[in-house]
Amino acid sequence: MAEEDVVPKTFRALVESADRKFARVRDLPSYGRAQGQHYFQKVFKAYMRLWKYQQEHRPELVKAGLNRWEIGEIAGRIGQLYFGQYMRTSEARFLVEAYIFYEAILKRRYFEGCGVKDLRVRFKELRFYARFLLVSLILNRTEMVKVVVEKLRALIYDCKANFRETNFKEWKLVEQEILRFINIDTTFTIPSSRPFRYCAMLNCHPNSVPYVARFHAKKVLKFRDAILMSYHRNEVKFAELTLDVYRMLQCLEWEPSGSFYQKHPAEPKENGVAVDYSGASGLIDMNLAADMTDPALPPNPRKAILYRPSLTHLIAVMATICEELPPESIMLVYLSASGKPGQINTSHVETSGGSRRTRKSMLTSHSSLEQNCSATESHINGVKGPSDYYNDYLWLGPKGNGGSSNLYPGDIIPFTRRPLFLIIDSDSSHAFKAGLTWCRKGRESCSSAFTIETNF
């Protein structure tokens, strides 16, 4: 009897060890080049060992009471780890691996068939569908998105019917978010639309583009890092991925493989009959990503995606990435937020929640800009001077939060000491273009800042 308990006890010990390691990396920030890399390798190794162990001892574990949803939970954690690493590195192979594991969970129906009275398992299945939807969206697997949405809707309806004492309002909002997202996104509304990503099947190789050669005589900057931020009310989003950031994310990546542009059936079939994976061994091919990515393509730039950050958090992320930017590299910053045009005076700062310290800081910033730039406050060749840096701004905060949530053009100036490509998607974008253009004319160190103003 004691020998029969060895396998399940070892399995439970491996599960607990992997879960403890997973907790260390789950909430690590996705920006920064060295954030959690050591911990990620340890937790990934722990889950790979756990996955291999449950495969080798499946009969004994099933006899000891192992449930199929427990296998699905392990696979889901591995997929979650892959997706988290993709968010930190933007390497397509991690995203593809996450999709492989999530798709295997769906096809093998690890969560289906569980008792309807187990609310804990039902919540695990809901979270699995939400994570799989996010991965499928980023990979442009539109057919799979539609399949998972239908399964999510059916599960929410089933949960509401069987657990009447539990409120599933949050999951109903998740359903509404994804339906609104796919109803507005052109990938779903216009089936023939081309993907935002560079696709090997539809575009020529980047090295063959003739106009790129004319830049080779000058210093060549490599696109290494990007910050994508959105802060709007009632914006179209799914989870913390807004539609505008989603499209920018697509534009800044290479398509992992041309095969992803093909519309494959979401459900596997053999001779026209759907394959039943409910009794499969649980073997998941972890080497498929090597065959689904093109090694000839340049690496994707690292992207820090910020959803409704505070002003201090945005500045901290920009400072971290700017500090870690490799030599001869350029950083892209995309900021999408509403603006509040109008004059900002000291009385307004005090009445809107700003303290005397905030007022003093703003006045000091004015004085510093005047001294560093050595120019008049009025205009330089018709461009606004430093006195206009605080007239317009981006609004990063709830209503009535005051000046502590305002991002001014002057806040960006310290980061222009490194090569910077700035995109402002706002009704106040003109202020940033004017302010940074003035800085570029007044200071030699700011000559590397490029600004695009947009107002859709």
Side-chain angles (χ1 to χ4, degrees), residues 29-35 86-92 196-198 203 205-230 244-255 296-306 309 313-337 372 394 407-426 429 431-454:
S30 59
Y31 61 91
R33 293 186 173 271
Q35 287 285 355
Y86 161 75
M87 295 298 291
R88 293 179 177 90
T89 64
S90 296
E91 292 187 31
F196 286 103
R197 281 193 179 99
Y198 171 91
N203 305 96
H205 196 277
N207 292 337
S208 64
V209 180
Y211 64 81
V212 174
R214 65 189 178 94
F215 293 104
H216 290 178
K218 303 178 182 179
K219 182 170 65 175
V220 178
L221 297 176
K222 295 182 179 180
F223 182 22
R224 296 291 192 185
D225 289 89
I227 298 176
L228 310 179
M229 187 281 294
S230 179
D244 50 359
V245 168
Y246 167 75
R247 289 172 174 172
M248 284 296 301
L249 176 70
Q250 299 283 305
C251 291
L252 300 179
E253 289 196 349
W254 310 97
E255 189 72 13
L297 291 176
N300 291 327
R302 295 172 181 261
K303 294 171 289 295
I305 299 177
L306 306 179
H313 181 55
L314 173 62
I315 297 297
V317 174
M318 292 181 65
T320 299
I321 295 180
C322 188
E323 179 70 20
E324 297 179 349
L325 194 67
E328 308 298 331
S329 300
I330 187 170
M331 175 176 66
L332 180 144
V333 178
Y334 171 79
L335 305 177
S336 176
N372 292 339
L394 298 184
L407 178 68
Y408 299 97
D411 296 329
I412 306 294
I413 291 177
F415 305 106
T416 61
R417 289 180 170 85
R418 301 296 300 272
L420 174 68
F421 195 102
L422 183 63
I423 302 176
I424 304 294
D425 186 1
S426 172
S429 57
F432 285 79
K433 183 176 182 180
L436 294 179
T437 301
W438 186 91
C439 175
R440 193 163 66 247
K441 290 175 179 289
R443 280 173 52 180
E444 193 70 20
S445 62
C446 295
S447 60
S448 59
F450 304 92
T451 308
I452 292 180
E453 61 170 314
T454 62

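In this chain, numbering begins with 1 at the start of the sequence shown.
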Ile330 side chain reached by Lys222 side chain, heavy atoms, under 4.5 Å: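 In short, these two side chains do not touch, never coming nearer than 4.5 Å.
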Over all atoms of both residues, closest heavy-atom pair of Leu325 and Pro419: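 Distance-wise, the nearest heavy atoms are CD2-O, 4.3 Å.
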Heavy-atom pair of closest approach, residues Phe223 and Pro301: CE2-CG, 3.6 Å
Among Ile423, Leu252, Leu335, side chain to side chain contact (heavy atoms under 4.5 Å, CB included) partner for Leu228: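 That would be Leu252.
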Met318: which of Leu306, Asp411, Ile227 passes side chain to side chain contact (heavy atoms under 4.5 Å, CB included): Ile227
To the nearest 0.5 Å, what is the distance between [atom1] ([X]) and [atom2] ([Y])?
X	Y	atom1	atom2	result
Phe421	Met331	CZ	CE	13.0 Å
Tyr334	Leu422	OH	CG	11.5 Å
Asp244	Leu249	CG	CG	11.5 Å
Ser230	Ile305	OG	CD1	11.0 Å

Residue list, ring pair (Phe, Tyr, Trp, His ring centres under 6.0 Å) with Tyr246, at least two apart or on another chain: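 Tyr246 satisfies ring pair (Phe, Tyr, Trp, His ring centres under 6.0 Å) with Phe181 once adjacent residues are dropped.
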Which residues share a side-chain hydrogen bond (donor to acceptor under 3.5 Å, both in side chains) with Asn300, sequence neighbours left out: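 Here no residue qualifies.
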Results of side-chain hydrogen bond (donor to acceptor under 3.5 Å, both in side chains) for Glu253 - residues two or more places apart only: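 Applying side-chain hydrogen bond (donor to acceptor under 3.5 Å, both in side chains) to Glu253 gives Tyr86, Arg197, Lys303.
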Would you check if the side chain of [X] reaches a backbone N or O of [Y] as a donor-acceptor pair within less than 3.5 Å?
X	Y	value
Ser429	Asp425	no
Arg302	Arg88	yes
Arg224	Pro326	no

